[in-house]
Structures are given as C-alpha cells and as structure tokens.
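The first residue of the sequence shown is numbered 1, and numbering continues consecutively from there.
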Amino acid sequence: MSYLRFKELLESLRLFRREAGVSFFFSSLWTKALSFLTSWLALRLLDDVELGKAIFAYQVIAFVLPVMGLGIGSGLLRYGGMKDSREEQDEMFVEVLRKGGVLNVGLMVLLWLLAGPLLRQQMAGSERYLHIFAFMLLSNYLLELLKLYALTTRRNVYFAYAESTHALLLLVAVVLGAQYYGVEGYAWAFVLAPLLTVLLWFRAVGVPWRMLFKRVRRSLNAEIWRYGAFSSLSNVATQLLFVIDLLLIGALLKDPLQVTVYKYVSLIPFSALFLSQIYMRAHFVELSRRLKDTSFLNTFRRRYHLLFGLIFAVFFAFCFFLRELLLGFFDSSFVAYSDVFLVLCFGVGGVFLLRGLYGNLLSAVGEARYNFYIAGFFLLLNLLSNAWLIPAYGLLGAAMTSAAMMWLSGLVSWRVFVGVGRGCL
C-alpha cells in the first residue's frame with residue numbers, strides 16, 4: 001500500500017472516530033458477540049424443531065419492522081438532523097412518536113388477522129409465536145426512535161450505549177425466558193428487551209418526554225412523509241432480500257430443521273454487515289448536511305472503498321480458513337454446510353464494497369425512492385431464483401441466490417448514484 005493510500009486510510013479512521021465511530025464499533029462488536037451467545041444458548045436450551053417454527057415466524061416480523069410508522073423515523077433522522085434548533089428537533093420527534101405509534105398499533109392488528117392464518121398453512125404452530133413477536137412493533141419502535149433521536153441531536157455515543165444495553169438485556173431475557181417458559185419465553189424476550197432499554201436510557205439521552213403531553217407544531221410535511229415512506233419500503237424490500245431465504249426454505253422444503261440450520265449458518269456472514277452499517281450511520285447526518293460539497297463526497301467514497309476493500313479481504317480469509325471451527329461452535333453437524341457458509345461470506349463483499357455505500361448515499365441526497373426501486377426489482381428476482389434453486393440445490397441454492405443479489409444490487413446502486421444521485425448535488 002502506497003504512503004498516500006495509507007494516509008487516506010488513517011484519515012477515514014480519524015473522521016470515523018470524530019463521529020463517535022469508535023463507540024459505534026465497539027458497541028456493535030459487543031452487540032454481535034452477545035447476539036452470537038444469545039443464539040448459541042437458545043440452540044442449546046430449546047428444541048430445534050420448535051425453535052425453527054419461532055424463527056420462521058420471526059422472519060415475518062423482521063420483514064415488517066422496517067415499515068414501522070411508515071418509515072417516518074427515517075425522516076426524523078434526515079430532516080431533523082438538518083435543523084439547527086433543538087426545539088424544532090424535539091417537536092418533530094414528538095410528532096413522529098405519536099403518529100408512528102398509532103400506525104404501528106394498526107399494523108400489529110393486521111398481522112394478527114392476516115399473517116397468523118397464512119403462517120398456520122405454511123408451518124403449523126408458528127402462528128402463536130407471530131402473535132407474540134408482533135408486539136415488537138411497539139417496543140422496537142420506541143427503541144428505534146430513542147436511537148434516532150440521539151443521532152439527530154448529534155449525541156451519537158448514546159446510540160452506542162442503547163444498542164449495547166439492548167443486546168445485554170436480550171441475552172438475559174432469552175436465557176431466562178427459554179429456561180422457564182420454553183420457546184414462548186424466548187419470543188417474549190424480543191418484546192421486553194427493547195422496552196427495558198428505553199426505560200433505562202430515555203432520560204440520559206434527553207428525550208423530551210414532557211412534551212409528549214403538550215400540543216406541538218406540525219412539522220411533518222408531505223415531503224418528509226414521502227421520504228419516510230420510500231425509505232421504509234426500501235428497507236422492507238432490502239430486509240426481505242435477507243429473510244426471504246428462510247421464508248422460502250420453510251415454505252418450499254416444509255422442514256423446520258432446515259430453517260434452523262440456515263439461520264445459524266448465515267448468522268456470521270449477515271452479522272458482519274454491521275461494519276458497513278455503523279460506518280455509514282456515524283457519517284449520515286454529516287453527509288446530509290454537505291450534499292452540495294462534491295469534493296467531500298468524492299473523498300468520502302474513495303476512503304470508504306479503500307477501507308472496506310481491506311476489511312472484506314480480511315473477513316473472507318478469516319472465514320475461509322476457520323470455517324469448520326466457526327460452524328462447529330454452533331453445532332458439529334453444521335460443518336457439513338461449509339460451502340453454503342463460504343458462498344454467503346463472498347456475497348457480503350457486495351454490501352461492503354457497493355450496496356452499503358451507494359444505497360446510503362442515495363438516501364442522503366434525498367433519493368430514497370431509487371433504493372426502493374432497486375430493492376424491489378432484486379426482491380422479485382430473488383423470489384424467482386429461489387423458487388428454482390432451493391428445490392434443486394437446497395440450502396446451497398438459497399445461498400447462491402443471496403450472494404448474487406448482494407453483488408448485483410450493489411452494482412446497480414453504484415450505477416444509479418453515478419447517473420442519477422450525483423445530479424441532485
């Protein structure tokens with residue numbers, strides 16, 4: 001590596017640190033470590049088949065969670081972050097909390113009425129776990145707004161604190177719930193952990209809770225709602241790109257055990273995506289503020305590619321040489337799925353190098369609708385590919401589809417940003 005590239009790499013790390021990125025990184029690392037431990041303990045404490053039913057139901061909620069409040073939280077982050085007045089930010093937060101909360105109650109009722117019977121047909125017994133997980137639309141929404149408020153007011157370190165606390169509480173709740181109440185206790189842990197996190201941190205973050213009982217000025221205009229709607233739809237489609245494999249494995253193979261296996265084999269590759277997410281999240285408000293600074297954006301892109309090219313090389317080499325040890329940590333039988341694991345690890349590079357950067361840049365310049373179009377197209381392509389590959393190749397077919405979608409969607413995001421997003425600058 002040349003001296004200039006090394007200097008660029010150091011500068012990108014310095015700016016990341018300035019945005020509380022170090023706190024982001026270590027809290028995310030801590031969170032992922034606890035998540036691994038939580039998943040490992042759940043696998044040890046619970047019946048594999050029954051756990052597979054709960055995991056299948058959770059994928060439905062994972063698909064719905066990004067549309068909480070019709071995505072208006074994304075509007076709070078982008079448009080609230082651009083406001084200079086703390087009072088205006090507080091008023092926007094209160095309005096987002098109130099209106100989003102009402103929308104989430106309606107969405108939760110719809111899940112009970114519509115998704116429950118559908119799950120009963122696809123995998124009998126999974127619908128009762130959906131009824132529990134549905135409450136996450138309320139508790140997770142409160143936690144998400146707490147973290148977004150911290151980012152909006154440039155108190156990034158509290159975002160990290162809330163994430164770390166949530167992971168620790170989830171671990172404790174899963175262990176206790178699984179130990180004493182079985183899989184239903186495991187499901188309730190996902191509802192209670194975010195709620196307890198909010199109760200612990202909302203005062204320290206400075207959430208204007210007294211304003212919740214007062215009349216505030218309307219701050220959510222049509223533009224903000226539109227941005228939030230496209231952001232949420234984009235997030236739904238993107239999230240479904242990752243969870244559709246599990247849903248289709250359950251629907252096509254009709255085997256809860258295969259759902260459990262794929263969940264754990266894909267855990268390390270998909271968890272690694274947090275590296276790109278935290279880097280872009282730490283810089284998102286700054287990117288939104290400096291939309292017109294082409295020189296800044298070009299420098300940011302160059303440094304990102306340099307940093308994440310190195311990260312991906314290290315990550316893939318680590319997973320390649322230690323694949324048997326990593327999979328054996330969960331269960332010795334999972335080592336037989338090393339090829340599935342490596343295909344998914346390769347696919348992660350598409351998000352590291354392309355999708356993670358250009359998808360967020362499109363959102364930062366206010367073009368979230370293109371993220372929705374891209375994710376929607378590849379979601380359809382994913383469905384068609386999986387419908388062919390899963391019956392033919394099983395879990396390997398699902399992994400090949402996911403890896404291809406991550407790279408192809410990243411390439412299209414890059415091309416759209418160059419051709420369309422840059423025109424907004």
Practice prompt. Please determine, by modelled atom types, if Y262 and D245 share a side-chain donor-acceptor pair under 3.5 angstrom.
Written response: yes
Interatomic spacing from [atom1] in [X] to [atom2] in [Y] - rounded to 0.5 Å:
X    : Y    : atom1 : atom2 : answer
S409 : L379 : OG    : CG    : 11.0 Å
L344 : T401 : CG    : OG1   : 10.0 Å
Y304 : L354 : OH    : CG    : 8.5 Å
L357 : L362 : CG    : CG    : 9.5 Å
H166 : W201 : NE2   : CH2   : 14.5 Å
L103 : Y141 : CG    : OH    : 7.5 Å

Discussion item. Among residues at least two apart in sequence or on other chains, which ones pass side chain to side chain donor-acceptor pair (under 3.5 Å) with S332?
Written reply: none
Is there a side-chain contact between [X] and [Y] in this structure, where contact means two heavy atoms from C-beta onward sitting under 4.5 Å apart?
X    : Y    : result
L171 : L37  : yes
L169 : L200 : yes
K263 : F270 : no

Quick check: are there more than 12 heavy atoms from other residues, nucleotides or ligands sitting under 6.0 Å from [atom1] of [X]?
X    : atom1 : result
W414 : CH2   : no
R415 : CZ    : no
F329 : CZ    : yes

Summary of salt bridge (charged side-chain N to carboxylate O under 4.0 Å, His left out) pairs that have at least one residue in [range], sequence neighbours excluded:
range            : answer
residues 135-145 : E144-K147
residues 51-68   : E50-K53
residues 379-407 : none

Is the backbone N or O of [Y] less than 3.5 Å from a side-chain atom of [X], with the two atoms forming a donor-acceptor pair by type?
X    : Y    : result
S276 : F352 : no
N382 : F378 : no
N371 : G359 : yes
R323 : F320 : yes

Worksheet item: Which word best sums up how the rings of Y358 and H305 line up, parallel for under 30°, tilted for 30 to 60°, or perpendicular for over 60°?
Response: tilted
Practice prompt. Would you please indicate yes or no on a ring centroid separation below 6.0 angstrom for Y161 and Y158?
Written response: yes
Discussion item. Before we go on, tell me: are the rings of W188 and F135 under 6.0 Å apart, centre to centre?
Written reply: yes
Discussion item. Quick one, L142 with F202, criterion side chain to side chain contact (heavy atoms under 4.5 Å, CB included). Give me CA distance, side-chain angles, the key distance, then yes/no.
Written reply: CA-CA 10 Å; L142 293 176; F202 81 98; over 6 Å; no
Item to complete: List in chain and number order the residues that pass salt bridge (Lys or Arg N to Asp or Glu O under 4.0 Å) with R369, two or more places apart in sequence or in another chain; answer none if no residue qualifies.
Response: E367
Worksheet entry | Identified ring-ring contact (aromatic ring centres under 6.0 Å, His included) partner of F346 from the options F315, F341, W407 | W407
Practice prompt. Go through the structure and list residues passing ring pair (Phe, Tyr, Trp, His ring centres under 6.0 Å) with Y186, not counting sequence neighbours.
Written response: F190
